[in-house]
Amino acid sequence: FHAGNGWEEGMEFEAQGWTDANREDDPAAYSGMGGFCPETRIVWFYRLSERQRRCLPIHITEDVAEIVQLCLNAPLLNKKRYLGHIDNQASLASIRSTHGVRDHRMNEVALVRKHLLDHHDILAMSDFVPSEDNISDAISRGDFNRFIREAREKGFSDFIWIDVRQSGVL
């Protein structure tokens, strides 16, 4: 358990979401980020450019995925308690840190996250989920059929799809 932004132990979440990022060595393979929030029904995806794939470490893209998730969902989750599920330990550590981490880029992303949460009056916490249990893993790999199948198995349906690259959010 990690409380953050006013969350107290024992509080129930009112909304949850999963995010993931994937960076393949093969330039022809899909490398991307994605996320899903059942309460808003938003499924978003972003295919990394070749330059982003080569230059950005995976923990940075995992952090950015959390920011994109909040940008797209926070206005619809105003004043809710949000539980984020993430499968990258370095990214989770930067989200949970109260004193910063060694990578200054992660600290900058953490400040943006804090601003978004404060602005939308959202209490948030994040927890670790193994990759095989991260429903957004399929999205970050461009395997949208697998995501739909896994989401439906968990009782989720009726999605709103957002291609972040086409939307102009990033």
Sorted by chain and residue number, the salt bridge (charged side-chain N to carboxylate O under 4.0 Å, His left out) partners of Arg54 (sequence neighbours excluded) come out as Glu50
Before you tell me yes or no, could you show the steps for His85 and Asp127 under side chain to side chain donor-acceptor pair (under 3.5 Å), namely the whole-Å CA-CA distance, both residues' side-chain angles and the distance that decides it to 0.1 Å?
CA-CA 5 Å; His85 305 284; Asp127 73 351; 2.7 Å; yes
Those residues at least two apart in sequence (or on a different chain) that pass salt bridge (charged side-chain N to carboxylate O under 4.0 Å, His left out) with Arg41 are Asp158
Glu39 meets the salt bridge (charged side-chain N to carboxylate O under 4.0 Å, His left out) criterion, sequence neighbours left out, with none
Given the options Arg47, Arg51, Gln52, Ser49 meets side chain to side chain donor-acceptor pair (under 3.5 Å) only with Gln52
Applying ring pair (Phe, Tyr, Trp, His ring centres under 6.0 Å) to Phe144 and not counting sequence neighbours gives Phe45, Trp161
**Request:** Evaluate the side-chain contact (heavy atoms from CB on, under 4.5 Å) criterion for residues Leu77 and Cys37: first the C-alpha distance (whole Å), next the side-chain angles of each, then the deciding distance (0.1 Å), finally the verdict.
**Result:** CA-CA 10 Å; Leu77 299 174; Cys37 179; 4.2 Å; yes
**OP:** Start with the C-alpha distance between Ile160 and Val43, add both sets of side-chain angles, then the distance that settles side-chain contact (heavy atoms from CB on, under 4.5 Å), and finish with yes or no.
**Re:** CA-CA 6 Å; Ile160 299 169; Val43 178; over 6 Å; no
Taken in chain and number order and not counting sequence neighbours, the residues that satisfy side-chain contact (heavy atoms from CB on, under 4.5 Å) with Arg149 are Arg146, Glu153
Fill in: Evaluation steps, side chain to side chain donor-acceptor pair (under 3.5 Å), between Gln69 and Tyr82
CA-CA 11 Å; Gln69 177 89 334; Tyr82 174 81; 3.2 Å; yes
Cut-off 3.5 Å, no hydrogens considered: what does the side-chain donor-acceptor table look like for residues 18-25, sequence neighbours left out?
from	atom 1	to	atom 2	distance (Å)
Asp20	OD2	Ser140	OG	2.8
Asn22	OD1	Arg141	NH1	3.1
Asn22	ND2	Glu24	OE2	3.3
Asn22	ND2	Tyr30	O	3.1
Arg23	NE	Arg53	O	2.9
Arg23	NH1	Leu56	O	2.6
Glu24	OE2	Arg141	NH1	3.1

Discussion item. Test side chain to side chain donor-acceptor pair (under 3.5 Å) on Asp87 and Ser131; report intermediate values, then the result.
Written reply: CA-CA 5 Å; Asp87 65 7; Ser131 292; 3.0 Å; yes
Checking Ser126 against Leu83 for the side-chain contact (heavy atoms from CB on, under 4.5 Å) test, could you report, in this order, the C-alpha distance in whole Å, the side-chain angles of both residues, the deciding distance, and whether it holds?
CA-CA 6 Å; Ser126 298; Leu83 175 62; 6.0 Å; no
Honestly curious: do Leu76 and Leu72 fall in one hydrophobic cluster under the side-chain, below-4.5 Å linking rule?
yes
